[in-house]
Amino acid sequence: LNASWMLFNGRRMFVTYDRLKAAAAGGELLWKLEVDNAIRQALEVYYSLVQLSMEVKSRQSALQLTEEQLLIAQRRFELGSGDKQAVLQSKIARNDIQSAILQQQQQAETLKITLNRLMGREVNLNFTVPDVVVHNESLNLGALQLELDKQNIRLALQRNLVSQQQFGVKEAQADRLPTLQLNTAFGLNRNRSEGGFALFNLSQGPSAGLALNWNLFNGGQVKRNVAQRQIGLRQAQLQQAQVQLEVQAELFAAWRNLESWKQRQVLEDDNLQAAQESFMLAQERFKLGTTGILEVKDAQRSLDEAISR
């Protein structure tokens with residue numbers, strides 16, 4: 001019965017164990033990255049739905065005014081105080097708004113299907129979203145930069161890849177060191193001889209020994225393996241630095257876009273309110289007969305542009 005136990009192999013077994021642990025952690029980070037991408041896509045679809053809901057609400061308000069405008073134009077035409085052109089233009093304006101609403105509602109239904117799929121729900125599940133966007137005023141660029149290194153999954157994944165390459169270098173370097181192996185055995189030997197007398201020879205007992213091996217030269221293979229692993233480590237470090245710059249650039253770009261969007265949103269809200277008031281005033285003047293359909297048409301065009309922005 002023989003048994004052997006490797007007592008020392010240049011710490012290769014420990015380094016390999018650490019590398020495999022890092023590889024397992026890397027697999028978990030890849031899964032988290034997939035989840036993070038799915039959440040990002042879901043949020044993009046969600047806020048697209050919110051924007052469509054806001055536009056539909058504004059256009060529905062304009063549709064009510066346009067319906068009233070069409071009724072007034074028809075009554076004037078029937079009474080002989082208006083012309084057919086005003087009726088036709090009012091009908092075209094109403095149909096344009098209705099068509100835009102139907103198109104946006106169809107887009108919303110498509111986005112709902114996409115969002116349900118991303119969330120793992122029934123694709124035909126119906127739901128509603130609010131028609132307002134709530135801003136988080138507590139966001140701070142400095143705090144986001146601090147959290148970037150701690151919570152960004154792409155950076156964590158790159159750090160993990162560098163760690164795996166470092167363990168790989170240590171594995172290759174372990175081949176430069178000697179190995180020490182413990183060999184044990186337990187023997188049982190029984191001999192019987194019949195040469196006039198009955199003779200027995202029985203031997204038993206354990207034995208143990210140490211074997212020290214050190215490969216002093218193998219044609220430079222160890223050196224080449226170490227150099228190859230170091231190249232992989234250097235590439236992983238360069239990739240980590242590149243991802244670090246990309247993530248920082250994305251953060252700064254997103255922050256500037258957010259600040260610019262907030263400023264534009266204030267202006268666009270003012271424009272939308274002004275366009276709505278202008279359209280209502282044009283409608284009132286049209287009711288009183290102090291203006292024609294062309295002024296109402298211009299006011300409606302301005303309102304539609306403000307809604308689209």
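Just so it is clear, the model here is predicted, and its values are computed rather than measured.
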Heavy atoms of other groups near Arg121 CZ, more than 12 under 6.0 Å:
yes
Report, as yes or no, whether the 6.0 Å neighbourhood of atom NZ on Lys57 holds more than 12 heavy atoms from other residues, nucleotides or ligands.
no
Any heavy-atom pair between the side chains of [Y] and [X] that's under 4.5 Å?
X      : Y      : result
Gln158 : Val162 : no
Arg154 : Glu250 : yes
Leu144 : Leu251 : yes
Arg94  : Leu63  : yes
Gln240 : Val243 : no
Leu141 : Phe252 : yes
Ile101 : Gln105 : yes

Would you say [X]'s side chain and [Y]'s backbone share a donor-acceptor pair under 3.5 angstrom?
X      : Y     : result
Ser53  : Leu49 : no
Ser99  : Asn95 : no
Thr16  : Arg12 : yes
Asn160 : Ala22 : yes

In terms of side-chain heavy atoms, does Gln242 have a donor or acceptor partner in Glu246 at a distance below 3.5 Å?
yes
